[in-house]
Amino acid sequence: MENKILGLHHITAIAGDAKRNFDFYSKVLGLRFIKKTVNFDDPGTYHFYFGDEVGSAGTILTFFPWGEGIQQGRKGSGMATEIGYSVPKGSLGFWQERFEKYNVIYNKPAEKFGEKYLTFLDPDGLKLELIESKTDDNRKVWETDEVKADVATKGFHNITLTLNNIKPTAAILTELFGYKLIEQDVNRYRYATDTVDNAAIVDLVELPQEHRGHVANGSVHHVAFRVKDDASLMYFRDKIEQYGLSITPQIDRQYFHSLYFREPGGVLFELATENPGFTVDEPLEELGKNLKLPAQYEASRDKIEAHLVKIN
């Protein structure tokens with residue numbers, strides 16, 4: 001298979017209270033909780049994964065819940081500022097009612113690029129959007145008792161990056177990742193890849209006078225793009241290095257293999273493989289039920305478990 005970027009793989013954000021984060025995404029939004037593990041660089045804190053039934057690339061939202069009292073992030077340039085989820089047409093009314101019921105902060109539905117969307121904030125202030133996509137989205141959804149298939153999120157629609165100058169970032173998307181500019185509205189530029197049908201869009205918003213953002217509570221930590229396998233991952237590593245950017249060696253993240261680099265606008269990008277997937281250490285029906293630790297921390301399980309708060 002030709003080496004290609006296959007849209008978004010996952011998006012990782014920072015949260016405060018772990019239980020509040022778990023309750024909001026699994027209960028209010030109705031995502032499947034697919035993995036309860038720890039931050040590999042800081043095993044005293046959780047790393048949560050939410051997605052569809054199997055944790056398909058393009059549906060995976062992950063969190064580092066660092067605990068109460070952490071510094072609040074500040075939206076600004078050089079960061080990912082909005083996470084867009086695809087939802088079925090006609091479902092925004094359901095979501096407005098649901099947000100009212102659960103005291104979620106939201107704005108009235110609006111429209112951009114011919115698509116209706118509903119903006120809301122999670123309990124930590126992370127900005128998300130539910131978007132009635134104008135392109136077909138036939139991804140199989142995860143249902144809960146309260147969030148049925150006719151209204152459930154289908155996975156990512158897009159990610160929005162806010163930048164002082166979009167040109168250097170746009171060059172990464174077009175020259176290295178194979179994206180194309182498909183639409184523009186004032187200072188919002190929409191880029192998409194045709195290698196996948198969904199989770200294929202990156203919006204760049206240009207705000208020349210905007211102050212730099214600060215990544216902390218309620219903000220996106222990094223945006224991960226999907227590649228097929230390790231060979232493709234290393235192909236892109238060479239390409240990015242030749243472009244003159246600094247990039248990490250390959251890192252084993254248990255459920256995928258990764259590379260990280262900071263694009264010229266300041267956003268931390270990751271490339272992540274489809275392999276080996278989330279059933280590598282627990283069966284499909286058990287996903288998210290048990291605390292899974294990488295091998296290097298297994299000997300410290302009792303100590304780690306004693307420190308982590310109970311969430312489910």
Side-chain angles (χ1 to χ4, degrees), residues 5 7-14 58 61 72-86 107-121 125-135 156-196 198-216 218-225 236 239-240 243-247 260-271:
I5 297 290
L8 296 170
H9 183 282
H10 68 271
I11 297 165
T12 295
I14 298 165
L61 182 60
Q72 193 62 24
R74 188 183 66 252
K75 287 184 181 65
S77 72
M79 65 195 298
T81 47
E82 295 152 15
I83 298 168
Y85 271 97
S86 169
N107 286 339
K108 287 201 174 81
E111 195 171 295
K112 62 188 167 204
F113 298 128
E115 296 175 323
K116 276 182 75 178
Y117 71 97
L118 177 64
T119 301
F120 66 101
L121 301 179
L126 184 67
K127 188 176 179 185
L128 301 105
E129 295 176 339
L130 300 178
I131 301 161
E132 295 184 357
S133 175
K134 62 188 175 189
T135 53
F156 298 132
H157 178 272
N158 69 314
I159 184 76
T160 299
L161 313 182
T162 298
L163 305 153
N164 292 139
N165 174 8
I166 70 154
K167 285 193 180 63
T169 307
I172 299 295
L173 293 177
T174 56
E175 294 170 29
L176 294 181
F177 286 7
Y179 279 65
K180 291 184 176 69
L181 178 65
I182 57 164
E183 293 182 275
Q184 182 195 346
D185 182 22
V186 194
N187 66 334
R188 181 179 287 267
Y189 300 77
R190 174 155 285 188
Y191 291 81
T193 177
D194 60 5
T195 58
V196 285
N198 307 112
I201 295 167
V202 178
D203 285 355
L204 304 183
V205 172
E206 188 167 73
L207 293 171
Q209 305 304 318
E210 184 75 10
H211 291 299
R212 292 292 280 198
H214 175 63
V215 174
S219 53
V220 173
H221 186 271
H222 62 267
V223 177
F225 293 85
F236 279 103
K239 207 171 168 181
I240 291 159
Y243 196 81
L245 294 172
S246 176
I247 185 163
Y260 298 84
F261 73 100
R262 206 166 282 283
E263 57 80 31
V267 183
L268 185 60
F269 278 2
E270 176 182 351
L271 300 181

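FYI, side chains are in, hydrogens and waters are out, and symmetry mates aren't considered; it's all heavy atoms of this structure. Fair warning: this is a prediction, and the values are worked out from it, not measured in the lab.
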Do [X] and [Y] touch side chain to side chain, with heavy atoms closer than 4.5 Å?
{"X": "Tyr191", "Y": "Leu204", "value": "yes"}
{"X": "Leu207", "Y": "Ser77", "value": "no"}
{"X": "Ile172", "Y": "Phe261", "value": "yes"}
{"X": "Met79", "Y": "Val220", "value": "no"}
{"X": "Ile159", "Y": "Ile83", "value": "yes"}
{"X": "Glu270", "Y": "His10", "value": "yes"}

Is the distance between the ring centroids of Phe269 and Tyr260 under 6.0 Å? no

I need the [X] [atom1] to [Y] [atom2] distance, nearest 0.5 Å.
{"X": "Phe120", "Y": "Leu130", "atom1": "CZ", "atom2": "CG", "value": "4.5 Å"}
{"X": "Phe113", "Y": "Ile182", "atom1": "CZ", "atom2": "CD1", "value": "8.0 Å"}
{"X": "Ile240", "Y": "Leu271", "atom1": "CD1", "atom2": "CG", "value": "4.5 Å"}
{"X": "Ile201", "Y": "Asp203", "atom1": "CD1", "atom2": "CG", "value": "7.0 Å"}
{"X": "Ile11", "Y": "Leu128", "atom1": "CD1", "atom2": "CG", "value": "8.5 Å"}
{"X": "Asn187", "Y": "Leu163", "atom1": "CG", "atom2": "CG", "value": "11.0 Å"}

Between Arg74 (side chain) and Ala216 (backbone), is there a donor-acceptor pair under 3.5 Å? no

Judged by atom type as modelled, is there a donor-acceptor pair below 3.5 Å linking the side chain of Gln184 to the main-chain atoms of Val186? yes

Do you know which two heavy atoms are closest between [X] and [Y], and how far apart they sit?
{"X": "Asn164", "Y": "Glu206", "value": "O-CG, 3.5 Å"}
{"X": "Leu181", "Y": "Tyr189", "value": "CD1-CB, 3.8 Å"}
{"X": "Arg190", "Y": "Asn158", "value": "NH2-ND2, 3.7 Å"}
{"X": "Ala80", "Y": "Val223", "value": "CB-CG2, 3.9 Å"}
{"X": "Thr195", "Y": "Ile5", "value": "OG1-O, 2.7 Å"}
{"X": "Gly266", "Y": "Arg212", "value": "CA-NH2, 3.6 Å"}

List the steps, then state whether side chain to side chain contact (heavy atoms under 4.5 Å, CB included) holds for Phe177 with Thr193. CA-CA 8 Å; Phe177 286 7; Thr193 177; over 6 Å; no

Evaluate whether atom [atom1] of [X] has more than 12 neighbouring non-hydrogen atoms of other residues, nucleotides or ligands under 6.0 angstrom away.
{"X": "Lys180", "atom1": "NZ", "answer": "no"}
{"X": "His214", "atom1": "NE2", "answer": "yes"}
{"X": "Lys116", "atom1": "NZ", "answer": "no"}

Pair Glu129-His157, side-chain donor/acceptor within less than 3.5 Å: no

Which label fits Tyr85 and Phe156: parallel for a plane angle under 30°, tilted from 30 to 60°, or perpendicular past 60°? tilted

Could you tell me which residues satisfy side chain to side chain donor-acceptor pair (under 3.5 Å) with Thr169, sequence neighbours excluded, listed by chain and number? Glu263

Pairs where residues 75-86 contributes a residue and the test salt bridge (Lys or Arg N to Asp or Glu O under 4.0 Å) is met, not counting sequence neighbours: Glu82-Lys112, Glu82-Lys127, Glu82-Arg188

